[in-house]
Structures are given as structure tokens and as C-alpha cells.
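Keep in mind that what you see is a predicted model, and the values were worked out from it rather than measured.
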Amino acid sequence: MLPATSDVLIVGAGPVGLATAAALTGAGVDVTVVDRAATAAHTSRAAVVHAHTLEVLDRIGAAEPLAAAGIPAPRFTIRDRDRTLVPISFAGLPTRFPYALMVPQSTTEAVLHDRLVAAGGRVLRGYEAVGLSGGTVTFANGESVTARYVVAADGMHSTIRELAGIGFGDPSSGGESFTLADVKVDGGPPRDEVVLYFSGAGLLVWAPLPDGTVRLVAAVDDAPEHPGTAYVQALLDHRGPDRSPARVTDVVWGSRFRVHHRVADTFRAGPVLLAGDAGHVHSPAGGQGMNLGLKDGLALADALTEALRSGSEAPLDRYAAERRPVAQAVVGFASQLTRLATVPAPLRPVRNALLSTLARIPAFRRRLAYRLSGLDQRHAGPAVAEESQHGIERTGHRAART
């Protein structure tokens with residue numbers, strides 16, 4: 001049974017909604033969390049939690065249980081088949097979490113749900129939002145909740161964003177199609193390293209998971225709904241390592257998804273505020289999407305807590321003004337990685353030479369480590385966010401012009 005009123009109504013109980021709710025509930029805010037799914041999802045796309053995200057999640061007690069459930073990957077490498085173009089180490093970063101934490105999104109959600117419950121909150125499931133009038137959300141079963149603020153944490157196809165009339169980039173763009181598979185595999189790169197493979201056919205991400213499987217994500221046209229062993233093996237054969245090939249022995253789980261590179265026109269419309277994929281979507285290159293969303297959620301929880309206590313709308317306006325340019329920078333960075341991965345064959349030697357030359361410069365490698373880990377966002381306002389994407393972006397522009 002839904003309450004008639006609430007200070008904050010969060011629509012969507014994925015990682016972003018759960019993190020926002022846990023922080024708000026811990027601060028004593030009256031929160032209602034709903035999700036249209038009857039049960040929590042056990043399969044998911046995101047598989048990495050970066051250093052800065054862990055720092056942010058530490059304040060709600062989620063970092064340590066997440067770290068205990070995942071495996072640390074202290075290295076991120078960009079390769080063209082067997083050739084290492086850019087080796088990036090997180091080991092020297094000034095953080096308690098000098099690594100990329102490899103952990104399935106389902107585990108991340110379970111940890112965040114535990115933190116919400118520990119703070120005294122819960123998720124109300126089976127409620128599909130169908131109407132919005134001011135701060136009143138109506139659900140398919142006829143019930144409604146009137147809230148002072150409504151958080152749209154309901155993903156890329158956000159119903160709340162659409163009902164609020166917030167634009168979401170160019171709907172005519174076709175987007176990118178990806179195949180995703182968790183596989184058992186013999187051989188291949190070390191299991192403490194995340195690899196982004198560049199190839200003429202498209203990018204391929206290799207990411208080890210705690211259960212011994214490897215998460216593979218590849219940009220493909222017309223991805224199959226359920227990729228089989230032969231299909232995934234062909235992706236590795238054409239895009240992955242050649243001298244030390246990886247052999248797929250089983251596909252544990254596979255799926256497909258399509259993403260567009262979009263940022264919402266605004267992150268606030270009256271009582272409605274956006275967080276996570278409701279506000280931004282992009283390529284999985286670099287593993288930035290869920291991380292950006294989780295930081296949205298914690299920043300929004302701070303803004304809502306301050307607004308409710310002070311009676312001022314300024315914190316919410318500040319949230320919207322600051323998070324959108326950060327999202328634009330991250331979307332730009334992911335787009336640039338994707339473009340670099342798929343430059344035309346005649347330009348690949350130029351791209352590889354440029355990246356290999358730049359990779360010899362410690363400051364370049366360190367800058368990318370900060371960018372991937374999210375540590376460049378520790379004090380990110382619009383200017384910092386804009387500057388954070390320039391390093392590799394300039395490289396891509398050089399390759400494209402050559």
C-alpha cells in the first residue's frame with residue numbers, strides 16, 4: 001500500500017534509486033521508493049565500480065561490502081589486438097581504492113538495498129508510473145502519491161522524464177547496438193586487468209568478474225538476443241588477442257542492448273529531478289555509466305536534504321546546474337573512446353602511433369587514470385567537468401584530421 005504523501009518519491013529501484021534512497025533515509029528524510037518490476041533484477045550490464053564512486057558510496061557504508069564482494073583490477077589497458085597502445089595503472093592514485101572494482105550490477109544493487117533497509121527504508125514493487133501532475137504521480141493500479149519532490153531514477157526510457165516534458169537529445173539518432181556476454185573462458189588477458197580492444201570491426205571490452213567468468217561487451221550491428229558460444233568466440237577471434245587467444249567454453253548469460261549518446265535538456269523541471277540513465281546515456285566504453293549515475297544519486301540526496309531542511313530551492317537548482325555538464329563531459333569521453341576504437345583502417349596506424357607516443361608520457365597516463373577512475377570529479381563544477389575530457393579528445397581529433 002502506497003502512502004498518500006511523501007517528502008521524496010523515488011521512481012526506480014535500480015542502483016541509482018537505491019543509493020539516493022539510502023542516503024536520504026539515513027539523513028531522516030521521508031522517502032518512498034517504487035519500482036514497476038515485481039522482483040529485483042539478477043542480470044545486468046554494469047560490471048565496474050570506479051575509485052571515486054567507492055569514495056562517494058563509503059559515506060553510506062556501501063564501499064566496504066562492495067569491495068569485499070568484488071575483485072580489484074589495478075590496470076586498464078587499451079590494445080589493438082596484441083599491441084598495447086595505452087597501459088593505465090590505478091595503483092598510484094591518491095585514494096583508498098586504487099583500482100577498478102569488478103562486481104556485477106546485481107551485487108551492487110543488493111549491497112545498496114541492504115544499506116537502505118539498514119537505514120529503515122524499503123522498496124515498494126509492482127508500481128508502474130503512468131501519470132504526473134506537479135508532484136503527484138499516478139500508478140497503473142489507480143493509486144497515487146503526492147510528493148514535494150519526485151526523483152526520476154527509472155532509466156533510459158524514463159516515464160517520469162517524459163511525463164515531465166524534459167527533452168532527451170536527438171530521438172532520430174539510431175544509437176549503437178551492443179552484445180553482452182558473461183563467459184567461461186580459457187586463456188586471454190590476466191584476470192586482474194580490464195582491456196578495451198580497438199579493432200576495425202568495433203570495440204570489445206574484456207572485464208573479469210568475481211565468479212571466474214569474464215564480461216565481454218562488443219559494439220555490433222544487429223546484436224543477437226541470446227549470443228551463443230560460437231558467436232562470442234568469433235568476436236574474440238576477430239577483435240581480441242591473437243598470440244594468446246582466449247577460448248570460450250560456455251556462455252553463462254548473454255543479452256543485447258542499444259544506447260544513444262544523449263543528455264537530458266535539463267536535470268530539473270519543477271518538483272521533478274533526474275538522476276542516472278534518466279538524465280544521460282552513452283557507450284559502455286570506459287565503464288562510466290552506472291558510476292556517473294551513482295554520483296548523481298548521492299549529490300541529489302545532499303541537495304534534497306538541504307532543500308527540505310532550509311526551505312530553499314537553491315540546492316536543487318545547483319544540483320541541476322552542476323550535474324548536467326559533468327554528464328556531458330562523461331558522454332563526450334565515452335563517445336571519443338568509441339570513435340577512436342573504430343577509426344577507418346587507413347587511419348589505424350596513425351591512431352596507434354599517436355596513442356603509443358602519448359602513452360610514453362607519464363602525465364598523459366595519469367590523466368587518463370584520473371579520468372577513468374572519476375577522481376577528476378572530486379570537486380567537479382562545470383569548468384572542471386569540461387576540462388576533464390580534453391586529453392584523449394584532442395588525440396581523437398588529430399587522428400580524424402590526419
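Side chains of V205 and V195 form no contact here, defined as non-hydrogen atoms less than 4.5 Å apart. Between T179 and F257, the closest side-chain pair of non-hydrogen atoms is not below 4.5 Å. For the pair R122 and V117, the minimum side-chain heavy-atom distance is 4.5 Å or more. The shortest distance between side-chain heavy atoms of I10 and V34 does not fall below 4.5 Å. Side chains of V145 and T5 form no contact here, defined as non-hydrogen atoms less than 4.5 Å apart. Proximity of Q288 to H50: side-chain heavy atoms (C-beta onward) are separated by under 4.5 Å at one or more points. Here the side chains of V86 and L358 are not in contact, with every heavy-atom distance at 4.5 Å or above. Counting heavy atoms from C-beta outward, L57 and P65 have side chains that stay 4.5 Å or more apart.
Distance alone, capped at 3.5 Å, is enough to place a donor-acceptor pair between the R324 side chain and the D265 backbone. R365 contributes a side-chain N or O that, together with a main-chain N or O of A359, makes up a donor-acceptor pair within less than 3.5 Å. No side-chain donor-acceptor contact under 3.5 Å links T213 to the backbone of L209. Looking only at distances, a side-chain donor or acceptor of D82 sits under 3.5 Å from a matching main-chain atom of R243. Looking only at distances, no side-chain donor or acceptor of H280 sits under 3.5 Å from a matching main-chain atom of V326. Under the 3.5 Å distance criterion, the side-chain polar atoms of S158 are left unmatched by any main-chain donor or acceptor of D154. Judged by distance alone, the side chain of T249 and the main-chain N or O of K184 form a donor-acceptor pair under 3.5 Å. The backbone N or O of M156 sits less than 3.5 Å from a side-chain atom of R161, completing a donor-acceptor pair. Judged by distance alone, the side chain of S199 and the main-chain N or O of G202 form a donor-acceptor pair under 3.5 Å. One N or O on the side chain of S177 and one on the backbone of V220 form a donor-acceptor pair closer than 3.5 Å.
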Working for side chain to side chain contact (heavy atoms under 4.5 Å, CB included), residues L298 and T20: CA-CA 6 Å; L298 273 293; T20 310; 6.0 Å; no
Side chain to side chain contact (heavy atoms under 4.5 Å, CB included) between Q377 and V330, worked out: CA-CA 10 Å; Q377 297 175 28; V330 170; 3.7 Å; yes
Side chain to side chain contact (heavy atoms under 4.5 Å, CB included) evaluation trace for L236 with L204: CA-CA 8 Å; L236 275 170; L204 172 71; 3.9 Å; yes
Worked check of side chain to side chain donor-acceptor pair (under 3.5 Å) between H52 and N291: CA-CA 9 Å; H52 183 237; N291 288 269; over 6 Å; no
Check against side chain to side chain donor-acceptor pair (under 3.5 Å), T136 and T146: CA-CA 4 Å; T136 299; T146 298; 2.8 Å; yes
Steps toward side chain to side chain contact (heavy atoms under 4.5 Å, CB included) verdict (R256, H226): CA-CA 7 Å; R256 64 184 176 188; H226 301 291; over 6 Å; no
Check against side chain to side chain donor-acceptor pair (under 3.5 Å), S255 and E225: CA-CA 5 Å; S255 185; E225 185 176 359; over 6 Å; no
Audit row: Y99, F90, ring-ring contact (aromatic ring centres under 6.0 Å, His included) steps and yes/no: CA-CA 5 Å; Y99 48 78; F90 300 125; 8.8 Å; no
Chi angles and distances behind the side chain to side chain donor-acceptor pair (under 3.5 Å) call for S335, H261: CA-CA 7 Å; S335 300; H261 292 255; 2.5 Å; yes
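The salt bridge (charged side-chain N to carboxylate O under 4.0 Å, His left out) search around R83 returns none, not counting sequence neighbours. Taking R268 as the reference, E313, D317 meet the salt bridge (charged side-chain N to carboxylate O under 4.0 Å, His left out) condition, with sequence neighbours excluded. Take R318 and apply the salt bridge (charged side-chain N to carboxylate O under 4.0 Å, His left out) test, not counting sequence neighbours, and it matches E306. Residues satisfying the ring pair (Phe, Tyr, Trp, His ring centres under 6.0 Å) test with Y231, not counting sequence neighbours, are none.
To the nearest 0.5 Å, atoms CZ (R371) and CD1 (I88) are separated by 11.5 Å. With rounding to the nearest 0.5 angstrom, the CG atom of L372 is 7.0 Å from the CG atom of L337. Interatomic distance, T108 OG1 to L101 CG, rounded to the nearest 0.5 Å: 7.5 Å. Here CG of L112 is found 5.5 Å from CD1 of I60. Values are rounded to the nearest 0.5 Å. Put simply, CG on D30 and OG on S6 are 4.0 Å apart, with the number rounded to the nearest 0.5 Å. Atom CZ of F267 sits about 6.5 Å away from atom CG of L274, to the nearest 0.5 Å.
For residues 67-80, every residue pair satisfying the side chain to side chain donor-acceptor pair (under 3.5 Å) rule, not counting sequence neighbours, is listed here: R75-D192, T77-E193, R79-E193, D80-R348, D80-R351, D80-N352. Applying the ring-ring contact (aromatic ring centres under 6.0 Å, His included) test to every pair with at least one member in residues 110-140, sequence neighbours left out, gives these pairs: Y127-F139.
What you find for P104 and P210 is that their closest heavy atoms are CD-CD, 3.9 Å. Shown here for L375 and P94, the closest heavy-atom pair between the two residues is CD1-CD, 4.4 Å. L292 and A327 make their closest contact through CD2-CA, 3.8 Å (heavy atoms, listed as atom of the first residue, atom of the second, distance). Across all non-hydrogen atoms, the minimal contact from T25 to A119 is CG2-O, 3.2 Å. Across every non-hydrogen atom of R191 and I71, the tightest pair is O-CD1, 4.0 Å. Contact detail for A299 and R323: the closest heavy-atom pair is CB-CD, 4.2 Å.
Surrounding CZ of R81 are more than 12 heavy atoms belonging to other residues, nucleotides or ligands, all under 6.0 Å away. Residue D186 qualifies as enclosed at atom CG: its count of foreign heavy atoms under 6.0 Å is above 12.
Results of the side chain to side chain contact (heavy atoms under 4.5 Å, CB included) test with L273 over V150, D296, I160, L304 single out L304 as the only residue that passes.
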